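A quick write-up on the structure given underneath.
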Amino acid sequence: MHTVFTQVRNALGKPYDDLHFLLKCFKEVLEENNQQKLVGLLPWINATLPSDSDLTSNEYIHMMSICFQLLNLVEVNGAVQSRRRKEDENMAQVNGLWANQFQYLKSKGITESQILNVLPKVLVEPVLTAHPTQAKRPVVLQAYRGLYLLLVKRENQMYTRIEQADIRQEIKHILHRLWHVGEIYIEKPQLESELDNILHYLTHVFPSVIMMLDKRLRQAWKESGFDPKALNNSDLLPVLSFGNWVGGDRDGHPLVTPEITIQTLKKLRIHAFYIIKNELKDLAQTLSIYLNISEVSKGFAARIKELQEEVGVNAEIELKEHTEEIFKAYVLMLIQKIPIDLSREFNLELKDKPNSYRSSINLIADLNLLYQELEKCGMGEIAHVDVGRTKRLLKIFGFHLAKLDIRQNSAYHEKALNQLITASLGAEAAAQIDASQEARRAFLDQELKINRPFLVQHNNLDQEGQNVIGAFQVVSDHVQRYSPNAFGKLIVSMTRNTEDLLTVYLFLREVGLIIKNNDELGTRLPVVPLFETIEDLKLSAGILADYLCHPIVKKSLQMQSCNNPNGELIQDVMIGYSDSNKDGGVLASAWFLHEAQKELTQIGEKHGVKIRFFHGTGGSISRGAGPSHWFIKTLPHGSINGKFRVTEQGETIERKYANLVNAAYNLELMVSSVTAQTVLHENTKGKHEEVESLFHRLGDRGRHYYRQLISDPDFITFFSQATPIDVIESSKIGSRPARRTGKRSMEDLRAIPWVFSWSQSRFNISSWYGVGATLNELKNQSPKAYENLLHFVEYDPFARYVMTNLDSSLASTDVRIMEKYASLVQEVEIRDRIMGMIKNELDLTRKMVADVLKRPINERRINHYYSTILRAEGLNNLHDAQVELLQKWREAKNAKSKEEDHYLFALLQCVNAIANALGATG
């Protein structure tokens with residue numbers, strides 16, 4: 001029988017053989033759980049159609065959710081195995097990785113020394129966030145990780161028939177557990193569980209991945225014909241660092257209190273010490289080399305004597321026990337200086353002792369001494385590999401593990417400042433300052449010349465004032481006790497003007513984080529704007545120019561420069577992909593983000609400051625997602641500077657980093673692409689004037705057509721009834737509310753649930769609406785410009801990336817399913833009119849994108865095409881279930897029926913299952 005599954009299996013082979021194997025295992029699990037009825041409804045291997053009652057049952061939806069997750073696992077493994085085969089033939093075959101990038105640079109005439117000049121300047125920082133897009137519980141994620149490892153294990157040809165049967169049994173055991181463990185949150189997750197999920201990656205995935213990345217860089221370097229010795233020193237390798245928002249991001253998140261931030265910093269610190277302690281213990285074992293103190297240099301022996309005095313009796317014990325293994329004794333003494341309670345083997349506790357290291361820099365200095373001593377003793381290889389590894393991990397994770405960002409909304413800061421001034425100077429003074437932007441600026445300029453707080457006690461402030469000052473007090477206490485290294489950026493979301501940024505300096509002054517240096521005031525913590533809406537992006541260059549001229553900002557950048565390569569001045573700027581897309585549609589978002597980066601880079605150059613962009617992207621195309629090597633190629637000339645910071649959210653973290661090989665691939669893509677583009681930008685001139693002028697026009701017109709739809713007076717009614725937005729707002733996905741202040745308006749709705757609800761109902765309007773009308777207008781009114789566009793799509797990375805993402809989004813948009821959801825709109829006139837607008841624009845967009853890209857998707861992107869048609873077959877039933885459940889739930893809710901909770905639970909399962917199938921939520 002020729003089914004969609006056999007068609008896909010015949011076209012793509014191995015991954016779908018694996019899927020067939022897993023579905024057979026799952027079939028047995030269902031039989032063993034007395035689920036005979038469901039066995040006949042298993043997708044892809046059975047042809048039975050579910051009845052209406054089966055369709056909306058929790059068991060059926062749960063089964064479908066697991067099946068889609070199995071499909072995701074085999075496709076990830078298939079991609080990994082495909083890359084391995086290509087690399088076995090030639091490392092440079094896999095697009096975007098080190099060997100491929102080196103080959104590309106050499107083809108452009110770039111030399112080895114030009115690349116070496118850039119490598120140590122590279123700093124890439126993925127920032128992990130828990131944004132409400134991860135629908136699965138940590139226990140479920142853990143089970144799927146185990147399943148993936150068993151799937152990989154099956155690839156190994158050395159296992160006997162009996163061992164293979166054992167692997168199969170282990171797979172079934174995990175599937176049994178998954179069948180009984182609920183996938184979704186019944187209660188909103190605690191922040192602690194969101195942090196624990198992120199700690200899993202930071203502690204158990206990334207440290208191992210770093211070593212894989214370094215090995216792969218050195219292998220690619222050697223295979224490219226470069227001098228292998230040039231990369232012996234790990235200090236010359238690109239720097240990876242990790243950021244974290246869980247426990248620090250308080251924008252519209254009332255649960256992130258100062259106490260939560262304290263707990264977060266403590267947990268991050270403990271887990272950093274867990275990595276360091278284990279690493280040093282392994283290093284000590286490696287250095288069980290027979291050598292005593294009389295055989296080492298005077299300088300090294302002197303440091304051992306100092307350590308004896310610092311550590312005391314425990315140092316005496318180590319030296320006595322390892323007299324003939326002086327290097328091992330040395331490392332064991334370093335372990336004694338880690339600020340934890342070493343008597344606790346597993347449940348580590350922080351313990352600051354008088355002899356403890358204050359900072360990771362001190363520990364690195366002691367390891368440098370060991371490195372040099374090993375080299376002097378003729379053990380260079382051990383120094384480079386073993387001590388180099390420990391130094392590398394310390395450089396990346398320090399004593400902080402991941403840099404915690406503190407983010408808050410500008411409007412919230414405004415209220416907090418008003419309360420602070422009212423309590424200090426009186427209500428009249430506060431009213432005068434709030435009267436105009438000019439009055440506020442004059443006040444800020446005056447105050448930021450003096451270093452004194454408004455109040456000594458802040459207990460009498462209202463909620464906003466207490467929360468803001470409380471958060472900054474936590475930062476201050478940690479910085480005073482340790483160092484600023486635990487913190488990333490102080491981010492002001494919805495930055496509207498320079499005053500929004502300068503306000504933060506007053507809060508820093510209030511908690512003692514403003515320092516006087518040479519009669520000038522400044523801070524060591526970076527204050528960062530976040531430009532989100534199209535209007536804010538348009539104004540961003542002017543705001544930054546004004547901001548960089550301010551005396552306290554200039555001084556702060558100087559104070560922060562001591563940690564930067566060659567002491568360069570660096571100002572971070574965060575740009576938001578989600579809100580700009582929600583605000584202006586896909587073409588406007590893509591263009592205005594690009595233009596803003598170009599203008600902001602030029603402002604930085606004018607002020608002698610490098611701008612480091614922090615890309616606030618999400619998991620879907622509407623929110624800036626796309627293959628990172630293609631994305632990085634699209635960034636404006638000069639805007640990378642070797643520095644790249646990006647948010648990794650919710651299900652994106654799981655998809656990219658759940659297993660070591662895939663995590664290494666995704667991080668290598670990011671680091672190698674940033675390096676290659678930086679080298680190119682430094683050694684070539686940017687020429688994109690024509691492309692930019694054309695896309696400026698497309699962005700403006702795309703925004704015009706998109707706004708026509710979302711500004712329609714009936715649009716909100718259509719949106720609220722034709723998508724499951726009300727389910728998403730009732731869901732327990734993520735600890736953060738769906739709206740910033742609880743108002744029911746477009747402005748207040750967060751971009752993530754906005755995109756999530758459109759993708760669930762397969763409209764995806766935020767990633768294509770307005771494109772067809774825009775391209776059609778261009779073709780009819782400016783045929784020459786349209787011809788240019790066709791030419792640009794062939795060779796310009798930015799034009800190509802925008803069009804390919806559009807193509808992916810259209811492939812996931814399904815008119816038949818859209819119409820099912822539209823049937824939920826109660827007023828026929830509204831339904832028919834809005835749906836008519838959407839369908840007309842979709843038809844036009846499909847036609848115009850096909851005209852621009854020439855070849856159909858099944859020729860250009862064969863894997864994507866077949867995966868989409870396979871998923872569609874299973875998704876049809878899930879969408880039918882969701883539409884029916886939505887109708888019943890809404891009726892029960894209106895009637896205040898006791899069935900309401902039953903339907904909601906089934907809907908939440910359905911949302912999770914569809915998210916699994918689409919591979920993304922928001």
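Here the structure is a predicted model, which is why all the values come from computation and not from measurement.
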For residues [X] and [Y], determine if any side-chain heavy atom of one lies less than 4.5 Å from a side-chain heavy atom of the other.
{"X": "Lys489", "Y": "Asp405", "value": "yes"}
{"X": "His271", "Y": "Phe397", "value": "no"}
{"X": "Met574", "Y": "Thr647", "value": "yes"}
{"X": "Thr617", "Y": "Val646", "value": "yes"}
{"X": "Arg496", "Y": "Ile543", "value": "no"}
{"X": "Glu568", "Y": "Lys121", "value": "no"}
{"X": "Pro529", "Y": "Thr498", "value": "no"}
{"X": "Leu401", "Y": "Thr203", "value": "yes"}

So does [Y] get a backbone contact from the side chain of [X], meaning a donor-acceptor N/O pair under 3.5 Å?
{"X": "Gln558", "Y": "Leu569", "result": "no"}
{"X": "Ser556", "Y": "Thr523", "result": "yes"}
{"X": "Asn518", "Y": "Glu520", "result": "no"}
{"X": "Glu499", "Y": "Glu438", "result": "no"}
{"X": "Ser424", "Y": "Ile421", "result": "no"}
{"X": "Thr678", "Y": "Gly642", "result": "yes"}
{"X": "Lys337", "Y": "Asn355", "result": "yes"}

Presence of salt bridge, [Y] and [X], under 4.0 angstrom:
{"X": "Glu306", "Y": "Arg303", "result": "yes"}
{"X": "Glu279", "Y": "Arg389", "result": "yes"}
{"X": "Arg441", "Y": "Asp445", "result": "yes"}

Take atom [atom1] in [X]; do more than 12 heavy atoms of anything else shown fall under 6.0 Å from it?
{"X": "Asn517", "atom1": "CG", "answer": "yes"}
{"X": "Lys267", "atom1": "NZ", "answer": "yes"}
{"X": "Lys538", "atom1": "NZ", "answer": "yes"}

To the nearest 0.5 Å, how far apart are [atom1] in [X] and [atom2] in [Y]?
{"X": "Phe592", "Y": "Thr533", "atom1": "CZ", "atom2": "OG1", "value": "11.0 Å"}
{"X": "Leu363", "Y": "Asn368", "atom1": "CG", "atom2": "CG", "value": "10.0 Å"}
{"X": "Ile491", "Y": "Leu501", "atom1": "CD1", "atom2": "CG", "value": "11.5 Å"}
{"X": "Glu464", "Y": "Lys415", "atom1": "CD", "atom2": "NZ", "value": "5.0 Å"}
{"X": "Leu600", "Y": "Glu595", "atom1": "CG", "atom2": "CD", "value": "10.5 Å"}
{"X": "Leu280", "Y": "Gln336", "atom1": "CG", "atom2": "CD", "value": "11.0 Å"}

Is a donor from one side chain sitting under 3.5 angstrom from an acceptor on the other, for [X] and [Y]?
{"X": "His458", "Y": "Gln473", "answer": "no"}
{"X": "Arg524", "Y": "Ser483", "answer": "no"}
{"X": "His681", "Y": "Asn641", "answer": "no"}
{"X": "Glu414", "Y": "Thr503", "answer": "no"}
{"X": "Asn564", "Y": "Ser561", "answer": "no"}

Kindly assign one of parallel, tilted or perpendicular to the pair [X] and [Y], based on the angle between their ring planes and the thresholds 30° and 60°.
{"X": "Phe507", "Y": "Phe472", "value": "parallel"}
{"X": "His615", "Y": "Phe631", "value": "perpendicular"}
{"X": "Phe242", "Y": "Phe206", "value": "parallel"}
{"X": "Tyr547", "Y": "Tyr505", "value": "tilted"}

For [X] versus [Y], what's the shortest heavy-atom pair and its separation?
{"X": "Ala230", "Y": "Leu116", "answer": "CB-CD1, 3.9 Å"}
{"X": "Ser493", "Y": "Asp251", "answer": "OG-OD2, 2.9 Å"}
{"X": "Ser540", "Y": "Ala596", "answer": "OG-CB, 3.8 Å"}
{"X": "Lys554", "Y": "Cys549", "answer": "CE-O, 3.7 Å"}
{"X": "Ala411", "Y": "Asn409", "answer": "N-OD1, 3.0 Å"}
{"X": "Gly252", "Y": "Gln408", "answer": "N-OE1, 4.2 Å"}

Does the pair Asp572 and Arg645 meet the rule for a salt bridge (charged side-chain N to carboxylate O under 4.0 Å, His left out), with working shown?
CA-CA 9 Å; Asp572 289 272; Arg645 209 169 189 254; 5.5 Å; no
Are Phe487 and His478 an aromatic pair by the rule of ring centers under 6.0 Å?
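Distance test on ring centres: under 6.0 Å, yes.
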Here's one to test your reading of the geometry: is the NZ or CZ of [X] within 45 degrees of the ring axis of [Y] and under 6.0 Å from its centre?
{"X": "Arg358", "Y": "Phe399", "answer": "no"}
{"X": "Arg250", "Y": "Tyr412", "answer": "no"}
{"X": "Lys391", "Y": "Tyr371", "answer": "yes"}

Check the pair His413 / Leu417 against side chain to side chain contact (heavy atoms under 4.5 Å, CB included), numbers first and verdict last.
CA-CA 6 Å; His413 277 164; Leu417 183 63; over 6 Å; no
Verdict with reasoning, Glu310 to Lys353, per salt bridge (charged side-chain N to carboxylate O under 4.0 Å, His left out)
CA-CA 10 Å; Glu310 289 168 21; Lys353 301 162 280 191; over 6 Å; no
Pair Val122, Phe644 - check side chain to side chain contact (heavy atoms under 4.5 Å, CB included), show working.
CA-CA 8 Å; Val122 171; Phe644 185 76; over 6 Å; no
Criterion salt bridge (charged side-chain N to carboxylate O under 4.0 Å, His left out) on Lys555 and Asp519, from CA distance to verdict
CA-CA 10 Å; Lys555 186 63 185 173; Asp519 278 341; over 6 Å; no
Report the C-alpha separation of Glu125 and Lys403 in whole Å, then their side-chain angles, then the decisive distance to 0.1 Å, and conclude whether the salt bridge (charged side-chain N to carboxylate O under 4.0 Å, His left out) test is met.
CA-CA 9 Å; Glu125 193 165 276; Lys403 291 180 180 293; 5.7 Å; no
Walk me through it: do Leu217 and Val671 pass the test side chain to side chain contact (heavy atoms under 4.5 Å, CB included)?
CA-CA 10 Å; Leu217 168 55; Val671 181; over 6 Å; no
Criterion side chain to side chain contact (heavy atoms under 4.5 Å, CB included) on Val511 and Ile469, from CA distance to verdict:
CA-CA 7 Å; Val511 297; Ile469 300 299; 4.2 Å; yes
